[in-house]
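Within every chain, numbering begins at 1; the chains are lettered A, B, ... in the order of the sequence lines, protein sequences first and strands thereafter. Values in this document were obtained by computation on a predicted structure and should not be read as measured data.
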Amino acid sequence: MNFYYFKSKILDLYILIFYHFSEEKNQVLLKRIFYCKNLEDINKKVKKINNDHLKQPSTLQEQEILLKLNNLIDSYFSGVNIDLLDAIKQINVSYDLKELFPTEFSQKVMKILSKTKFGERITYSEIGEKINSRAYQAIGNVLKNNPLPLIFPCHRVIRKDGKIGGFMGITKKSWETDLKKKLLNLERSP
DNA sequence: CCCTTTGAAACAG
DNA sequence: CTGTTTCAAAGGG
């Protein structure tokens, strides 16, 4: 597995990406994305993975793809209406749906989430209705464990009472919930 | 089995 | 309007 990170030019935030690169397909296969507050955060996450063959991008091809992904994400952060789930396909970035979401329940949740577009919001309750479940906390659990935030826009899920809801496992006010707010705000149409 | 979980609803103050 | 209590189903240990 490889990792790559960059600092956003728009938001005060680092993005850390774990991925696998296939030279045959010239494709970056996403495994996990993290929002990080600072470099220390990144170090912790990288150490935690502690995979023997963990390395940074080596080939020119993968660097090229990652740079495109970097730019795509920063455009998104600057308020451009981009469907990341779709846009990454065009720059040879992909993911394995079954690997990311092994259970039936999580797949259903993510399928509904994938349908929410830029600027839209959905509530935990509405997701529950659509998948015929009232296990709201379990839905929150799936979203918390979302391996590819941003790509799968879990920040668009808010509470039914209009409150922002939790983010990255944190419910109280924090930089995590502030980030969720920022992400929702930048999607607001001008 | 036991515990926790990015929530909701009902209720108290 | 803020706290509590109960509910609910999935997932990890």
Side-chain angles (χ1 to χ4, degrees), chain A residues 1 3 5 8 10-19 30-38 40-42 44-51 54 73 76-77 79 81-86 88 95-188:
Chain A
M1 184 139 69
F3 74 98
Y5 69 87
S8 166
I10 314 296
L11 298 180
D12 184 23
L13 174 78
Y14 290 86
I15 301 288
L16 173 62
I17 301 171
F18 292 95
Y19 67 97
L30 297 176
K31 299 288 185 186
R32 202 80 232 230
I33 295 177
F34 291 102
Y35 299 111
C36 292
K37 193 173 50 197
N38 47 39
E40 196 186 330
D41 247 24
I42 290 175
K44 272 189 207 160
K45 292 269 162 47
V46 169
K47 266 188 190 161
K48 208 170 180 182
I49 296 281
N50 209 7
N51 194 314
L54 193 61
I73 290 174
Y76 167 83
F77 282 158
N81 182 341
I82 297 175
D83 180 355
L84 288 175
L85 208 54
D86 187 62
I88 59 170
Y95 51 86
D96 183 342
L97 206 59
K98 280 186 183 162
E99 185 190 61
L100 297 178
F101 309 106
T103 65
E104 172 111 32
F105 185 79
S106 61
Q107 277 173 29
K108 279 189 194 167
V109 172
M110 297 321 273
K111 192 175 175 186
I112 301 298
L113 179 64
S114 308
K115 286 181 188 163
T116 66
K117 304 223 172 77
F118 191 95
E120 287 178 355
R121 295 175 184 202
I122 189 168
T123 67
Y124 298 94
S125 171
E126 281 163 359
I127 293 178
E129 273 173 39
K130 287 184 179 165
I131 65 171
N132 223 345
S133 164
R134 271 183 281 178
Y136 312 111
Q137 290 193 314
I139 293 169
N141 221 354
V142 169
L143 296 169
K144 172 189 170 187
N145 295 124
N146 173 14
L148 302 182
L150 271 184
I151 310 296
F152 291 91
C154 57
H155 59 275
R156 292 179 191 152
V157 187
I158 60 168
R159 289 173 46 142
K160 193 181 185 181
D161 59 12
K163 285 181 183 159
I164 187 94
F167 200 49
M168 299 163 76
I170 314 281
T171 21
K172 59 181 188 211
K173 185 178 161 31
S174 56
W175 80 271
E176 286 90 344
T177 53
D178 281 347
L179 175 59
K180 186 173 181 179
K181 256 182 225 167
K182 277 182 203 165
L183 293 172
L184 285 168
N185 283 337
L186 68 85
E187 289 193 3
R188 267 206 245 273

Shorter than 3.5 Å, N or O on both sides, protein versus nucleotides 7-10 of chain C: list them out with atom names.
unit_1: C/dA8; atom_1: N1; unit_2: A/Gln137; atom_2: OE1; d: 3.1

>> Can you tell me the base-pairing partner of C/dG12? Count Watson-Crick or G-U wobble geometry only, both distances below 3.5 Å, and say none if there is no partner.
In response: B/dC2
Nucleotide [N], atom [atom2] - distance to [atom1] of [X] in whole Å:
X        : N      : atom1 : atom2 : answer
A/Ile164 : B/dA8  : CD1   : C1'   : 17 Å
A/Met110 : C/dG11 : CE    : C1'   : 15 Å
A/Ile158 : B/dA8  : CD1   : P     : 9 Å
A/Ile170 : B/dT4  : CD1   : P     : 17 Å
A/Leu143 : B/dA8  : CG    : P     : 11 Å
A/Phe101 : C/dG12 : CZ    : C1'   : 18 Å
A/Arg156 : B/dG7  : CZ    : C1'   : 21 Å
A/Glu126 : B/dA8  : CD    : C1'   : 13 Å

Please confirm whether the backbone N or O of [Y] pairs with a side-chain atom of [X], one donor and one acceptor, at under 3.5 Å?
X        : Y        : answer
A/Lys180 : A/Val157 : yes
A/Lys182 : A/Leu11  : no
A/Glu187 : A/Phe118 : no
A/Arg121 : A/Ile158 : no

> Within less than 4.0 Å of OP1 or OP2 of B/dA9, is there a side-chain N or O belonging to A/Lys160?
Replying inline: yes
> Between A/Lys31 and A/Glu99, is there a side-chain N and carboxylate O pair less than 4.0 Å apart?
Replying inline: yes
>> With side-chain contact (heavy atoms from CB on, under 4.5 Å) as the test, pick out the partner of A/Phe152 among A/Leu143, A/Leu113, A/Val109.
In response: A/Leu113
